[in-house]
Amino acid sequence: MKSYTYLQRPGDFPSAVGLDFPVHADAEIYLKDGPSFLHRHLPFWTAVWIGRFAKIVIPLLVILIPLFTYIPAIKNLFLRLKLSRVYEELKVIERNALKPELKQQNYRDLEGIEIRVGQIQVSMLDAKELYDLKGHVGDVRNRLNLNP
């Protein structure tokens, strides 16, 4: 316990009393609450480093964690858009399957689709959608072969 003289009273120093300039917000907090938990239990340089690190990392985590949760959904959306373009072309070929004058054009278009589908690379998690598309392309080819 500190001893005080008649000229000193507890809380006289340091204080913001009698200053001609504004007190910084951090100084006000220090004067009101005393040293922070980190400054009481760690060396000064460590407490400052951890405080600065927290001021940088916490906002970054607030931004990055939701971003990483949306990345798979965005990737899935782009894959579905890519596959839907192929399905649109397959619909056109199926509509034209009954027209004998477009038979050769349909085969050429279908071969182009099969080549493009064979070049699509997906992760193992998305392989089902790609193999479903390949099966549907095969179904359209069978329908073209069945029609005279």
Side-chain angles (χ1 to χ4, degrees), residues 2 10-148:
K2 291 186 177 181
D12 277 355
F13 183 80
S15 75
V17 177
L19 296 177
D20 294 336
F21 48 86
V23 178
H24 191 272
D26 290 337
E28 284 182 13
I29 293 170
Y30 180 83
L31 291 173
K32 186 177 86 175
D33 300 332
S36 70
F37 175 81
L38 293 175
H39 282 71
R40 281 192 306 264
H41 299 288
L42 296 173
F44 177 77
W45 68 271
T46 309
V48 170
W49 188 84
I50 290 173
R52 289 179 182 168
F53 183 75
K55 287 178 184 175
I56 292 171
V57 169
I58 291 173
L60 283 176
L61 288 176
V62 167
I63 293 169
L64 292 178
I65 288 174
L67 184 68
F68 284 125
T69 59
Y70 289 119
I71 286 176
I74 292 170
K75 186 182 75 82
N76 194 14
L77 174 70
F78 284 129
L79 176 65
R80 288 184 184 277
L81 287 173
K82 187 187 295 186
L83 297 181
S84 70
R85 285 187 223 122
V86 176
Y87 277 116
E88 287 295 324
E89 294 178 33
L90 281 177
K91 278 188 202 177
V92 171
I93 292 173
E94 256 188 322
R95 277 189 222 124
N96 296 335
L98 297 176
K99 299 176 183 173
E101 64 273 5
L102 295 176
K103 188 170 186 166
Q104 292 303 319
Q105 180 66 33
N106 286 339
Y107 277 117
R108 281 192 300 255
D109 292 345
L110 195 60
E111 285 176 16
I113 288 174
E114 286 176 331
I115 291 170
R116 283 198 342 257
V117 168
Q119 293 172 345
I120 295 176
Q121 294 181 353
V122 296
S123 68
M124 292 301 291
L125 298 174
D126 298 324
K128 181 188 180 313
E129 284 85 5
L130 182 63
Y131 283 106
D132 286 345
L133 176 60
K134 287 181 179 182
H136 294 147
V137 170
D139 290 344
V140 171
R141 178 170 292 285
N142 290 339
R143 285 189 193 129
L144 287 177
N145 288 336
L146 292 177
N147 290 331

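In this chain, residues are counted from 1 in sequence order. Hydrogens, waters and symmetry mates are skipped; everything else that's a heavy atom, side chains included, is used.
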So does D132 get a backbone contact from the side chain of H136, meaning a donor-acceptor N/O pair under 3.5 Å? yes
Side-chain donor-acceptor contacts of residues 67-85 below 3.5 Å, not counting sequence neighbours, with atom names and distances?
| from | atom 1 | to | atom 2 | distance (Å) |
| --- | --- | --- | --- | --- |
| T69 | OG1 | P66 | O | 2.5 |
| K75 | NZ | D126 | OD2 | 2.8 |
| S84 | OG | R80 | O | 3.3 |
| S84 | OG | L81 | O | 2.8 |

Evaluate whether atom OH of Y87 has more than 12 neighbouring non-hydrogen atoms of other residues, nucleotides or ligands under 6.0 angstrom away. yes
Would you please name every residue forming a salt bridge (Lys or Arg N to Asp or Glu O under 4.0 Å) with E111, sequence neighbours left out? none
Exactly one of V140, I93, L133 clears side-chain contact (heavy atoms from CB on, under 4.5 Å) with I113, and that residue is I93
Quick one: closest heavy-atom pair of A54 and P59, and the distance? O-CD, 3.8 Å
Any side-chain heavy atom of W45 within less than 4.5 Å of one from I50? no
Hey, what's the ring geometry for F37 with H41, parallel, tilted or perpendicular (30° and 60° as the breaks)? tilted
Assess the side chains of Q105 and R108: does a donor N or O sit below 3.5 Å from an acceptor N or O? yes
Find the distance between CD1 (I115) and CG (L110) and round it off to the nearest 0.5 Å. 10.5 Å
Side-chain donor or acceptor of N106 paired with backbone N/O of L144 under 3.5 Å: no
Are there over 12 heavy-atom neighbours, none belonging to K91, within less than 6.0 Å of that residue's NZ? no
Where do R52 and V48 land on the side chain to side chain contact (heavy atoms under 4.5 Å, CB included) test, with the steps shown first? CA-CA 6 Å; R52 289 179 182 168; V48 170; 3.6 Å; yes
Return the CG to NZ distance between N145 and K103, rounded to the nearest 0.5 Å. 7.0 Å
Determine, for R141 against E114, whether the closest basic-nitrogen to carboxylate-oxygen distance falls under 4.0 angstrom. yes
Roughly how far apart are D109 CG and L102 CG, rounded to 0.5 Å? 9.5 Å
Search all heavy atoms of P35 against all heavy atoms of R40 and return the closest pair with its distance. O-NH1, 2.7 Å
Taken to the nearest 0.5 Å, the spacing of T46 OG1 from L38 CG works out to 9.5 Å
